[in-house]
J.: 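What follows is a single structure, and I will ask about it in a moment.
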Amino acid sequence: MTPREGSWFAAAATLLCLGMIALLSWGGRAQDDALVVYCSHDSTYSEEILRDFERESGIRLVVRFDTEATKSIGLINLLIAERENPQCDVFWNNEVLGTMKLQKLGLLQPYKGEGFARIPAKYKADDGSWTGFAARLRVFIVNTEKMAATHEAIFQRLNAFGEDGLSRVAMAKPLFGTTLTQYVALWGEAGGEETKWRHQRLRDRGLLEVNGNSVVKDLVAVGRCDFGWTDTDDYFLAVDEGQPVEMVPVFMTCEHAICVPNSVSIIRGTSRVEAARKLVDFLLSKQVETRLACSPSRQIPLGPAAFAELPEEVQELKLWSERSVDLKPLGDAHAACLSWLQSEYLQ
Amino acid sequence: MSFHEAFAWTLLGAVAAAALAVPMSVLLSRLVQQATGRSRFWWMLFVLCPLVAPDLVIGYGYRSFELSLLHRPGLNHCFYFVLILLKFLPAAAVVRICSPPDPVSNAALHCARLIDGGVAAKLQHRPLQTEWLRHIPVFGIVFLLSMQEFEIASLLQIPAWTVHVFDAQAAGLNLAATFRLLIGPVLVQAIVLVPLLWWGIANSSAIVPRWRSADCVLVSRRWLGVTVATLAALLTWVAPLAIVTRSGLSGIGGVLDNRVLLRSTSFDLTAAITLAISCAVLSLILARKVMLICRGHDVTRSDFSKAVSSVLLLLIVVPGLFGALAVSIAILVAMQHSPLLELRTTVWPMATALVVFLVPRAIILAVLLPVFRRSESTFLATLLGKSRERTRLKNAANLKWWCECRPMFLVTAVLFYWCLANLTAAAILCPPTIPLFSFDGNIVPLPVRLYKFIHQGRTAALSVMAVLSVLVPFMLLVLTARIAPRVYLRMTSLTRQD
């Protein structure tokens, strides 16, 4: 190949590559009618539900899930960054504290439809900015070959003395997800100083802090740890794998469980209000809640559901969830707790 | 562990890995340098394969093993250290293969000793100095790669500074604070980078692969080299892939039944492959341009124009040497400002980060291109190409493919794999949706989805997807390698007929 031929070839290849990147960037922009959904619920379960909505309603969806890197907090930051020029119409969050932050910033558009009406007041914003549905519980996952799965046995271990007394107990770093919600609930109930003290006490005694609830589940399932904090969807993964585990609900001092619902909200400024409302009502329907309850993650329906239709495990969870911590007043605690945790872990 | 502690541990590990790589890389480089003919290609493949081992598969493969080490963080660190040392050792070997030779040969030194004591005394100190200088790039390249490692550290729960910064970004720490965290590591890397760049620029025209005769190394050293290379290939490729494939066999049925998962996986893979091909080719073109300018081969331009291009192109090369994490966060910060804000929802930021990250690697690979070339064959191809006989023209085109295009294809394939497996840039800069072929679903590059699934612990489905993420691109490359020569032959013969 002569230098001149080489230059031509390089120019043609450059143009072709830039064209391919342009295709990936703007290739499908013609679908302006599609409803844009940001979703932080596990795509394995949520994608089928969203596709069913497409089929039933004829409304096209463009779905953006969170990534492990961005987690749900990444989508929340994205929504805040896009506040002047919203790209998203409906936000399906797998927790509520982040959604409450968006509500406080005035980024959500209230809607009280038929779905809103069937969810108890504790799990929805008074003004209809967001509505909770299909929840998870914070639980202790216990390896039954190592210890008894009871509150007494767990607290005996937690109160045991010794510097490495908790070296066989695991918890996810509380920067994200349901572990963060648990800390915020504690912050709201016991105050910041008490939360910091308890946290330090756990760390001083050798608590194993890992990257995520699934690692806690794995450690307990294979017997590397005796028990740990996780949530119900991870626990049920271990059960389905046939591991020797049992769960014990995490109760706050007032004997309230920590119930973390999904939440759905419409983003202020959307031009596809009607389609967004249809999707919100669909997600808040009994049909979707029952479907999520029957999925491998066994989400707890918050609205009225035919008790008998629910799997046996979910029936038990539903009873626990009925006396759960009210997360709605915890907006300020969330901000303060997250700020403290960031200074603890990220500086 | 605080950021400063994590940084100190990473720094210590990187220095140790780089220091060990200096003597160990000699063993590996000799294996390639002493090989002749076709065997050189296979030795090269054997020695360098750990460099392209997909980090996600390594991390996922050793996940269960790593859980057993969580209570022994010291052992966990040691295991991680061995993995990164073996993974990056081939890079040190490449640098050693391409380093300029010592200006004073052993024969010259011997002669000097024989004739005059004064000259000999002068020369005796010189080899020592030059030998030390020759170690700088070997040390530097392994130090930089070890400092920048993120994917394996994250999956093996190693508190590296990269994991800390990535988590800070994920936890919503504001960008300015995240950027501040980067300053220390970037400065430390710059200290190593400056002599490395100085060495590269000073020797740019002399950096070419060099071969040695087979009789200059002890057999025991050769076997030690083979053992190290085998261990590296086993730990980075064979063991993790075997573990993942084994756990994936039980999950094939489940994945095949789940049409949504299959559909999204195939779209994710298509998007990742399309992006990886584009970025690999673009980075190789840029790398060749940089090399042409550095070596002064671009005769069509004025000196001023060359100087301006050199500065511009160096600006393209240097950021990539700081690693994908630093590049991605810098681009993310840049995207927050109005002229670039519009591009945030496209793949342009991600593609830019990948190209910037790949350019320095492409330069190293482009330097290696002569490994596969033989001047006699190229000369013969040129002679045959001047013939008017059809069979000879066909043979000329065939030879040209083997001498010129095939090496380029191999280099592009390696860049393609690096791009495909890069999680950092994809995870930080992935746009809300990739509207591929008007598909409305959520398309993300496959590594991002895999990383998420690894953290969610969906083992059976994940194993199948992880194997697919390695096998499908590999099959694609094999297929292209089969088809491309025929297309090239056909195109060349058409051109000749015209």
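Throughout, a chain's letter reflects where its sequence line sits, starting with A, and its residues are numbered from 1.
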J.: Specify which of A:L219, A:V36, A:L50 makes the most heavy-atom pairs with chain B at under 4.5 Å.
T.: A:L219
J.: Given heavy-atom pairs under 4.5 angstrom as the criterion, report whether the side chain, backbone, both or neither of A:L208 touches chain B.
T.: side chain
J.: Taking only residues two or more places apart in sequence or in another chain, which ones pass salt bridge (Lys or Arg N to Asp or Glu O under 4.0 Å) with A:R224?
T.: none
J.: With rounding to the nearest 0.5 Å, note down the distance linking CG in A:L16 to OG in B:S278.
T.: 7.5 Å
J.: Hey, which of B:A280, B:A351, B:S68 has the most heavy atom pairs under 4.5 Å with chain A?
T.: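 The residue among B:A280, B:A351, B:S68 with the greatest pair count is B:S68.
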J.: Under a 4.5 Å heavy-atom cutoff, which of A:I21, A:L175, A:L338 has the most pairs with chain B?
T.: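 Most pairs with chain B among the choices: A:I21.
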J.: What closest approach, in Å, do B:A271 and A:L24 show between heavy atoms, and which atom pair accounts for it?
T.: O-CD1, 4.1 Å
J.: Enter the distance from B:W348:CH2 to A:L18:CG here, rounded to the nearest 0.5 Å.
T.: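 Those atoms lie 5.0 Å apart.
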J.: Testing the basics here: between B:Q157 and A:N211, what is the closest heavy-atom pair and its distance to 0.1 Å?
T.: OE1-N, 3.2 Å
J.: Rounded to the nearest 0.5 Å, how far does OG1 of A:T14 lie from CG of B:L286?
T.: 7.5 Å
J.: Which atoms form the tightest heavy-atom contact between A:K173 and B:D167, and what is the distance?
T.: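 So the minimum-distance heavy-atom pair works out to NZ-OD2, 4.2 Å.
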J.: If the test is side chain to side chain contact (heavy atoms under 4.5 Å, CB included), which one of B:V281, B:V355, B:L275 qualifies with A:C17?
T.: B:V281
J.: Examine whether an atom of B:L343 lies under 4.5 Å from a heavy atom of chain A, and if so say whether it belongs to the side chain, the backbone or both; otherwise answer neither.
T.: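 Just its side chain gets close to chain A.
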J.: Over all heavy atoms of both residues, which pair between B:I285 and A:A10 is shortest? Give the atoms and the distance, please.
T.: CD1-O, 3.5 Å
